[in-house]
**Student:** 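Let me begin by handing over the structure; questions about it come next.
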Amino acid sequence: MTVPSAPGAQADLLDDAVAILGGARRILVFTGAGISTESGIPDFRGPNGVWRHRDPARYTLQRYLADPDVRRERWQDRLEAAGHGYRPNAAHLAITQLQQAGRAPVVVTQNIDGLHQDAGTSNVIELHGTSREVTCLACHRRLPVGVVLDRVKEGDTDPHCELCGGLLKTATISFGQNLVAADIEAAMQEAERCDACLAIGSTLSVWPAAGVPDRAVHNGVPLVILNDGATELDATASLRVPGRAGAVVPALVERVLVGG
Ligand code: NAD
């Protein structure tokens with residue numbers, strides 16, 4: 001893929017991004033829901049985001065625990081998502097290339113969709129957990145999501161743990177739920193070790209996750225934000241590149257890897 005098809009201003013911004021990231025040996029890639037929209041998965045706050053037609057208050061842990069209708073809605077959402085068979089897009093694949101070239105040993109994501117791993121990326125820290133597994137909120141055993149979705153399909157619309165009767169929930173972190181301490185600590189450590197940070201497809205408005213690129217900035221590391229829209233960390237970024245991840249990330253990675 002070549003960059004010159006991009007309009008002039010965009011090409012200049014890519015030149016600047018290559019100048020910053022080209023010299024970096026350890027790039028922390030930090031991703032959000034926007035990297036997966038071109039795979040067909042809606043984000044939350046983008047122009048076609050879930051918040052346009054759903055009430056964010058229904059997505060808290062407290063509502064999940066209290067309201068069987070909320071749980072039924074979530075399981076139906078999961079069933080529908082599983083039916084789509086979402087696949088990684090060119091941006092996920094380009095990040096794998098960057099990693100395989102030794103330039104991005106760790107990827108930190110807010111996504112729960114598992115598409116980085118499907119694209120072949122390893123060392124992915126999933127700050128908000130994964131929708132590929134289910135956990136019992138009482139006995140904490142974990143199950144593959146498919147096992148539970150089969151029960152939902154068969155009419156068990158609010159499934160409970162078959163061993164202890166506890167509530168089942170995908171192994172994701174809902175609003176109002178604490179992150180796994182080891183995950184956020186590992187991500188913060190990477191923010192202190194990296195020599196550049198590339199944030200892709202996130203409004204950087206969900207905390208403490210957004211504290212990861214923020215920590216990198218406070219550590220004196222340049223932050224490049226690639227997002228189709230404003231973010232909460234725009235003011236502290238070294239560079240903002242607007243655009244669609246599926247086009248911009250592969251072009252950027254290709255140029256970073258050839259050294260210009
Ligand atoms: P967000 O919805 O707050 O922001 C996404 C941003 O990406 C928006 O600014 C949007 O305009 C931009 N965007 C959309 N498509 C893009 C593209 N193709 N290229 C570049 N930018 C694009 O998402 P967030 O900051 O990740 O925070 C939302 C929370 O929702 C996260 O915690 C995440 O866990 C969760 N979430 C995850 C998924 C997923 O796993 N795919 C999907 C929806 C929400």
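Both ligands and their constituent atoms are indexed starting at 1 by order of listing. Source: prediction; values computed, not measured.
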**Student:** Does Arg74 come within less than 4.0 Å of Asp67, counting only side-chain N to carboxylate O?
**Tutor:**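 No.
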**Student:** Of the side chain and backbone of Pro42, name the one, both, or neither that has a heavy atom under 4.0 Å from an atom of ligand 1.
**Tutor:**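 Backbone only.
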**Student:** For the residue pair Phe175 and Phe44, does the interplanar ring angle fall in the parallel (under 30°), tilted (30 to 60°) or perpendicular (over 60°) class?
**Tutor:**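 Tilted: the ring planes of Phe175 and Phe44 meet at 30° to 60°.
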**Student:** Set out, in order, the CA-CA distance, both residues' side-chain angles and the distance that settles salt bridge (Lys or Arg N to Asp or Glu O under 4.0 Å) for Asp55 and Arg58, then state yes or no.
**Tutor:** CA-CA 6 Å; Asp55 176 7; Arg58 287 177 79 78; over 6 Å; no
**Student:** Can you name the atoms of ligand 1, numbered from 1 with element, that are less than 4.0 Å from a heavy atom of Gly32?
**Tutor:**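 Counting from 1, the qualifying ligand atoms are 26 (O).
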**Student:** Starting from atom 18 (N) of ligand 1, locate the nearest protein heavy atom and write down its residue, its atom name and how far away it is, to 0.1 Å.
**Tutor:**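 Atom 18 (N) of ligand 1 sits closest to the protein heavy atom Glu38 OE2, 2.7 Å.
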**Student:** So, the side chain of Thr231 versus the backbone of Leu233: is there a donor-acceptor pair under 3.5 Å, distance only?
**Tutor:**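 Flag set: sc Thr231 to bb Leu233 pair under 3.5 Å.
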**Student:** Can you tell which part of Ile41 has a heavy atom less than 4.0 Å from ligand 1: side chain, backbone, both or neither?
**Tutor:**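 Within the 4.0 Å criterion, Ile41 contacts ligand 1 through side-chain atoms alone.
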**Student:** Is Asp113 salt-bridged to Arg132, cutoff N-O under 4.0 Å?
**Tutor:**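 No.
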**Student:** Pro47 to ligand 1: N or O pair under 3.5 Å?
**Tutor:**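 Pro47 vs ligand 1: no N/O contact under 3.5 Å.
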**Student:** Thinking salt bridges, do Arg26 and Asp195 make one under a 4.0 Å N-O criterion?
**Tutor:**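 Looking at Arg26 and Asp195, the cut-off is not met.
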**Student:** Do Thr31 and Thr109 have side-chain atoms, one donor and one acceptor, less than 3.5 Å apart?
**Tutor:**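 Indeed, the side chains of Thr31 and Thr109 share at least one donor-acceptor pair under 3.5 Å.
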**Student:** Taking 4.0 angstrom as the limit, do Arg240 and Asp16 come out as a salt bridge?
**Tutor:**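 Between Asp16 and Arg240 there is no salt bridge, as every charged N stays at least 4.0 Å from the carboxylate O atoms.
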**Student:** Among all protein heavy atoms in this structure, tell me which lies nearest to atom 14 (C) of ligand 1, with the distance rounded to 0.1 Å.
**Tutor:**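 Going by distance alone, atom 14 (C) of ligand 1 is nearest to Asp43 OD2, 3.2 Å.
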**Student:** Report the residue from Val107, Val253, Ile35 that forms a side-chain contact (heavy atoms from CB on, under 4.5 Å) with Val29.
**Tutor:**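 When Val107, Val253, Ile35 are each tested with Val29, the side-chain contact (heavy atoms from CB on, under 4.5 Å) holds only for Val107.
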**Student:** Could you see which bit of Asp113 sits under 4.0 Å from ligand 1, with heavy atoms only: side chain, backbone, both or neither?
**Tutor:**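 Contact part for Asp113 vs ligand 1: both backbone and side chain.
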**Student:** Which residue holds the protein heavy atom closest to atom 20 (C) of ligand 1, what is that atom called, and what is the gap in Å?
**Tutor:**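 Scanning the protein heavy atoms, the shortest distance from atom 20 (C) of ligand 1 goes to Gly243 O, 3.3 Å.
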**Student:** Distance to 0.1 Å, residue and atom name: give those for the protein heavy atom nearest to atom 11 (O) of ligand 1.
**Tutor:**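 Nearest neighbour among protein heavy atoms for atom 11 (O) of ligand 1, to 0.1 Å: Asp228 O, 2.7 Å.
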**Student:** Starting from atom 35 (C) of ligand 1, find the nearest protein heavy-atom neighbour and note its residue, name and distance.
**Tutor:**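 Minimum-distance protein heavy atom for atom 35 (C) of ligand 1 reads Phe44 CE1, 3.7 Å.
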**Student:** Is a donor from one side chain sitting under 3.5 angstrom from an acceptor on the other, for Thr157 and Arg72?
**Tutor:**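 Judged by distance alone, the side chains do pair up.
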**Student:** Could you tell me whether the side chains of Glu133 and Thr170 share a donor-acceptor contact shorter than 3.5 Å?
**Tutor:**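 Judged by distance alone, the side chains do not pair up.
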**Student:** Which bit of Arg45 gets closer than 4.0 Å to ligand 1, counting heavy atoms only: side chain, backbone, both or neither?
**Tutor:**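 Both of them.
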**Student:** Could you tell me the residue and atom name of the protein heavy atom closest to atom 32 (O) of ligand 1, and the distance to it rounded to 0.1 Å?
**Tutor:**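 Atom 32 (O) of ligand 1 sits closest to the protein heavy atom His128 ND1, 2.6 Å.
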**Student:** Considering only heavy atoms, does Thr37 approach ligand 1 within less than 4.0 Å through its side chain, its backbone, both, or neither?
**Tutor:**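 The side chain, only.
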**Student:** Which ligand 1 atoms, with their elements, are less than 4.0 angstrom from a heavy-atom of Arg244?
**Tutor:**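 Ligand 1 atoms under the 4.0 Å threshold to Arg244: 15 (N), 16 (C), 17 (C), 18 (N), 19 (N).
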**Student:** Which ligand 1 atoms, with their elements, are less than 4.0 angstrom from a heavy-atom of Ala33?
**Tutor:**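 Listed by number with element, the hits are 23 (O), 24 (P), 26 (O), 36 (N), 37 (C), 38 (C), 42 (C), 43 (C), 44 (C).
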**Student:** Test Gln177 against every option in His128, Lys169, Gln62 by the side-chain hydrogen bond (donor to acceptor under 3.5 Å, both in side chains) rule and name the one that passes.
**Tutor:**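 Of all the options given, the one that passes is Lys169.
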**Student:** Is any N or O atom of Gly246, backbone or side chain, closer than 3.5 Å to an N or O atom of ligand 1?
**Tutor:**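 In this structure, Gly246 places no N or O atom under 3.5 Å from an N or O of ligand 1.
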**Student:** What protein heavy atom lies closest to atom 9 (O) of ligand 1? Include the residue and the distance to one decimal.
**Tutor:**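 Residue, atom and distance for the closest contact: Asn227 ND2, 2.9 Å.
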**Student:** What residue and atom, counting heavy atoms only, is the protein's closest point to atom 19 (N) of ligand 1, and at what distance?
**Tutor:**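 For this ligand atom, the closest protein heavy atom is Ala245 N, 2.8 Å.
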**Student:** Short list, please: which atoms of ligand 1 are under 4.0 Å from a heavy atom of Val206?
**Tutor:**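 Answer, ordered by atom number: 27 (O).
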**Student:** Please classify the Gln110 to ligand 1 contact at 4.0 Å (heavy-atom distances, strictly less than): side chain, backbone, both or neither.
**Tutor:**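 Both the backbone and the side chain of Gln110 come within reach of ligand 1.
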**Student:** With rounding to the nearest 0.5 Å, note down the distance linking CG in Asn111 to CD in Gln117.
**Tutor:**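 Those atoms lie 10.0 Å apart.
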**Student:** So is Ser205 polar-close to ligand 1, meaning N/O to N/O under 3.5 Å?
**Tutor:**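 Such a contact does not occur with ligand 1.
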